[in-house]
Amino acid sequence: MSTQSSPFRVLAIHAHPDDVEILCAGTLALLKDRGCHISIITMTAGDKGSAELGAEEISNVRLNEAANSAELLGADYHCLKFFDLCIDNDDAARKRVTEGLRLTRPDLVITAPPVDYMTDHEMTSKLVRDACFAASVPNYSTEQWDPAPPTSRIPYLYYVDPIEGVDWFGNPVPRDFVIDVSSTMERKIDMLACHASQRDWLRQQHGMDEYLDSCRRWSAKRGEEIGVAYGEGFRQHVGHPYPHDNKLLELLSS
């Protein structure tokens, strides 16, 4: 639970190791520079992110990569140990994600968009949205052996861009605003470079030969929209009963 004298707490939670780096690491670095406490959670360890290594072996590799990336930022890192392509929007999953929020106790949450190219991202978005609400409900038990206490309030909630900024049909997904990450772009790239295991996988599965250059191109495209070198796009969840003032922009304008 944050107080006025403690650092503002930000949680970035996405499906797989490297998703956070691709989509919002520049913004996280800006927030870190402004004194925020940063936590990163991945739903999975990336157990299916290799065509050569077995699930346990690639999971260990990717957990180490994610931890190294978080360390570059000065963030803490946690994995909720779901399996790739197996994240379902059910109560057992909701309890696990709610426990993650109660452990990290964020004032502001950044997560996957509601519409994206694959189900793990979309299920993550739904589960995190519900967990933001459920974390402060005292009678919602996560059924953990040593559960964290409920949080005191619903956090601010933001969605990152979908991959390439498009929906299932290739149509652009709107964004509410773009944050200028030109000053932190190299830190973003350094964090993404920690995920070296994914270059061969992305080349084979996604047809992307160079994931660092692809990240630069997308960040440059968002940046161009506001007349800067690099940017990251966000939408804010302002449905009932989530906070409506734009705390993310407020933090970065100070």
Side-chain angles (χ1 to χ4, degrees), residues 1-17 19-21 24-25 27-28 31-32 34-47 59-60 62-64 66-71 73-84 86-112 120-121 123-160 236-237 239-243 247-248 251:
M1 186 186 336
S2 291
T3 66
Q4 218 169 15
S5 61
S6 61
F8 194 86
R9 301 180 68 85
V10 176
L11 168 63
I13 174 170
H14 211 306
H16 313 108
D19 286 331
V20 163
E21 286 82 349
C24 65
T27 298
L28 294 181
L31 292 167
K32 182 68 176 178
R34 283 157 175 77
C36 295
H37 180 280
I38 311 295
S39 298
I40 297 172
I41 290 179
T42 61
M43 300 285 277
T44 84
D47 59 287
S59 292
N60 289 333
R62 298 196 69 189
L63 285 171
N64 285 330
N68 290 338
S69 172
E71 186 176 3
L73 184 63
D76 55 78
Y77 169 69
H78 312 271
C79 179
L80 297 184
K81 302 297 179 70
F82 289 89
F83 296 110
D84 288 350
C86 300
I87 303 173
D88 289 322
N89 184 18
D90 58 25
D91 190 51
R94 193 172 300 108
K95 285 179 166 63
R96 201 185 308 186
V97 178
T98 298
E99 183 66 20
L101 265 73
R102 288 177 176 174
L103 284 168
T104 53
R105 313 194 75 73
D107 300 298
L108 184 152
V109 174
I110 299 171
T111 194
D120 282 354
H121 289 204
M123 293 302 102
T124 295
S125 185
K126 290 180 171 65
L127 289 166
V128 172
R129 180 199 64 196
D130 287 349
C132 285
F133 182 90
S136 62
V137 176
N139 287 342
Y140 187 68
S141 171
T142 60
E143 300 177 359
Q144 303 296 308
W145 71 273
D146 185 22
T151 57
S152 61
R153 65 184 65 85
I154 295 171
Y156 293 86
L157 177 60
Y158 294 84
Y159 302 115
V160 298
Q236 183 175 5
H237 189 107
H240 176 81
Y242 290 78
K247 190 67 174 180
L248 183 53
L251 288 165

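Heavy atoms only: backbone and side chains are in, while hydrogens, waters and symmetry mates are out. Residue indices begin at 1 and follow the sequence shown. As the structure is a computational prediction, the values presented were derived from the model and not from experiment.
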Assess the side chains of Ser39 and Asp76: does a donor N or O sit below 3.5 Å from an acceptor N or O? yes
Modelled atom types, side-chain donor and acceptor of His237 and Tyr159, under 3.5 Å: yes
Looking at Arg105 and Pro150, would you say the former's side chain and the latter's main chain have a donor-acceptor pair under 3.5 Å? yes
Any side-chain heavy atom of Val128 within less than 4.5 Å of one from Val97? yes
Between Arg9 (side chain only) and His37 (backbone N and O only), is there a donor and an acceptor less than 3.5 Å apart? no
Should Thr98 and Asp130 count as side-chain neighbours, where that means a heavy-atom distance under 4.5 Å? no
Any donor and acceptor pair, going by atom type alone, linking the side chain of Asp19 with main-chain N or O of His14 inside 3.5 Å? no
Mind checking side chain to side chain contact (heavy atoms under 4.5 Å, CB included) for Lys32 and listing every partner two or more places apart, or none if nothing turns up? Ile38, Leu73
Just checking, is any N or O donor in the side chain of Thr42 or Tyr77 under 3.5 Å from an acceptor N or O on the other one? yes
Using a distance-only test with no angle check, is there a side-chain donor-acceptor pair under 3.5 angstrom linking Tyr140 and Asp91? yes
Sole residue of Glu143, Gln144, Arg94 in side-chain contact (heavy atoms from CB on, under 4.5 Å) with Glu99: Gln144
Using a 3.5 Å distance criterion without hydrogens, assess whether the side chain of Asn89 forms a donor-acceptor pair with backbone atoms of Met123. no
